[in-house]
Participant: 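Attaching a single structure in structure tokens format; questions to follow.
Atoms within each ligand, like the ligands themselves, are counted from 1 in listed order.
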Amino acid sequence: MGPIQIKQILECKIGTQVVVKGWVRTKRESKNAVFIAINDGSTIHTIQAVAESGQINEDTLRLITTGSCVRVVGLLVASAGAGQAVEVKIEEVEVYGTADPDHYPLQPKKHSLEFLREIAHLRPRTNTFSAILRIRHTLAFAINQYFNDHGFFYLHTPIITASDAEGAGEMFRVTTLDLNKLPRTDEGKIDFKEDFFGRETNLTVSGQLEGELGAMALSKIYTFGPTFRAENSNTTRHLAEFWMIEPEMAFFELEDNMNLAEDFVKYVIGYAVQHCADDLEFLQKRLEEEEKSKPQNERSMPLLEKLNFVISNAFERVTYTEAIDILLKSKPHKEKKFQYDVAWGIDLQSEHERFLVEKHFKKPVILTNYPRAIKSFYMKQNDPNPAEPGATVRAMDVLFPGIGEIIGGSQREDNYDKLVTRMHEVGIEPEALWWYLDTRKFGTAPHAGFGLGFERLVLFVTGMGNIRDVIPFPRAPKSAEF
Ligand code: 4AD
Ligand code: MG
């Protein structure tokens, strides 16, 4: 199945005849020898290929520069130099593709992440990004593994949709209409009957509503697909196109939902710790390097320690009402250090979430029972509680250190009448979602689910600071180059 890769070659016995194919990271010439470090992305490690001076003809040697692609045939031998156990004694070398040093932007020196974003087509060739991409893959694999092992079915929900699942209205339109010649109705409005689907359509913000249909038949499903939000937030935590994992389970209530979310994220993080040791160690060193300039007490926990801490400690579970209480009594609130005011009913700002997670509890937190007014129409309504100033719903958000909200979910309203009333209240036409409401008409059942933002998970596991650096080709306001 194709040529053997560097990851395996590095584990071959000394004396094995090997063929190495990959991109040159560095070429170094000493008096007696030429050293070529080659990487093929299968591992963070490069393999060193060595030739005696004069062995490779001058014309070929000149073409072997950083970024060029080569094939090397030779014998795997014990390495005399420090830094690697084995190396390849070159017998034959072929240059597949050159990389003119005057134009190849990835020279062997430190590049800023901002610069690398501008060359996103080449940045997977750096150690940092190849490590991130391998970890991203491993997390995706672990997610599918977890659900498969727990009796969930992967449901492929549509990407083009006529409904706004979250009711937030931050959607990208999908149309084939000629924007220069829009068809109009008699009232002068755009006539979407003429459009491809005969109605207004958008890119989905969530697969949840269709996911619920699946759960009402298969009991436990999950989706794992791209989602799109046209929110104009140019932050380090938001993308316009991101991947979401949304499990949906019949016969699960809020408590079961929390247990699943906690067990699930701990499993996938643990899987990455186990299977991406080299890459995580590399990223940990990178972070330590980055933090050297900070005073000791401001440095964060080493990456692997942080991941192991999350895996081995129970998440703190608190209600929204309790959280508001904590915030009201907090020092930053009393000293007016928060930018946004705290009061029961507010949508928690990221400064509030971070205070709870990073300063107060110092571990992941699951917040539950949010005010009804700030959450989506489909969340199950709680019975009135005298301890709470207003109506609440059975929502849960999982908050992570350094990230804020990583998961949002809830038990779903399974009562037809309550759901329809709520839709009217928030201005969603029940007729438009007749198929969704049918599940509450025909064999309704308690059920729950949540959405995990995949890139926020990758952000947490890699310790990176900007969400645009954990997806191969980020989509954000004014940015869709690659
Ligand atoms: O909290 P959200 O909006 O929840 C839903 O979409 C529900 N339908 C999920 C469900 O119950 N099935 O989004 C879920 C998660 C957030 O917690 C966050 O991690 C991530 O998706 N997310 C984003 N990630 C990157 N960029 C954005 N613009 C994001 N918006 C949400
Ligand atoms: Mg949310």
Participant: Taking only heavy atoms of Glu231 into account, list the atoms of ligand 1 that are under 4.0 Å away from them.
Facilitator: 27 (C), 28 (N), 30 (N)
Participant: Which heavy atom of the protein is the closest neighbour of atom 9 (C) of ligand 1, given with residue, atom name and distance?
Facilitator: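 Atom 9 (C) of ligand 1 sits closest to the protein heavy atom Glu246 OE2, 3.3 Å.
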Participant: Among all the protein's non-hydrogen atoms, which is closest to atom 4 (O) of ligand 1, and how far away is it?
Facilitator: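 Nearest neighbour among protein heavy atoms for atom 4 (O) of ligand 1, to 0.1 Å: Glu166 OE1, 3.9 Å.
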Participant: Parallel, tilted or perpendicular: which fits the ring planes of His333 and Phe338, with parallel below 30° and perpendicular above 60°?
Facilitator: tilted
Participant: Does ligand 1 have any atom that is closer than 4.0 Å to a heavy atom of Met244?
Facilitator: yes
Participant: What protein heavy atom lies closest to atom 3 (O) of ligand 1? Include the residue and the distance to one decimal.
Facilitator: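 Sorting protein heavy atoms by distance from atom 3 (O) of ligand 1 puts Arg229 NH1, 2.8 Å first.
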Participant: If we only consider heavy atoms of Met379, is any one of them less than 4.0 Å away from an atom in ligand 1?
Facilitator: no
Participant: In the protein, what heavy atom is nearest to atom 22 (N) of ligand 1, and what distance, to one decimal place, separates them?
Facilitator: Phe242 CE1, 3.4 Å
Participant: Could an N or O of ligand 1 be found under 3.5 Å from any N or O of Glu248, whether backbone or side chain?
Facilitator: no
Participant: Please say whether Leu239 places an N or O atom under 3.5 Å from an N or O atom belonging to ligand 1.
Facilitator: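 So ligand 1 has an N or O lying under 3.5 Å from an N or O of Leu239.
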Participant: Determine whether any heavy atom of Tyr378 lies closer than 4.0 Å to an atom of ligand 1.
Facilitator: yes
Participant: For atom 18 (C) of ligand 1, what's the nearest protein heavy atom and its distance?
Facilitator: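 Ranked first by proximity to atom 18 (C) of ligand 1 is Arg456 NH1, 3.5 Å.
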Participant: Run the numbers for me: atoms of ligand 1, each under 4.0 Å from some heavy atom of Arg412, listed by number.
Facilitator: 10 (C), 11 (O), 12 (N)
Participant: With nothing but distance in play, are any N or O atoms of Ser410 less than 3.5 Å from an N or O of ligand 1?
Facilitator: no
Participant: Tell me, which protein residue and heavy-atom name are nearest atom 15 (C) of ligand 1, and how many Å apart are they?
Facilitator: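 Result for atom 15 (C) of ligand 1: Gly451 O, 3.6 Å.
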Participant: Could Lys266 and Tyr271 be counted as a cation-pi pair, given that NZ or CZ must be under 6.0 Å from the ring centre and within 45° of the axis?
Facilitator: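 No cation-pi geometry.
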Participant: Is the terminal nitrogen or CZ of Arg440 (NZ for Lys, CZ for Arg) located under 6.0 angstrom from the six-membered ring centre of Tyr436 and within 45° of that ring's axis?
Facilitator: yes
Participant: Pairs in or reaching into residues 136-159: which pass salt bridge (Lys or Arg N to Asp or Glu O under 4.0 Å), with residues at least two apart or in two chains?
Facilitator: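 Pairs touching residues 136-159 that pass the test: Arg136-Glu455.
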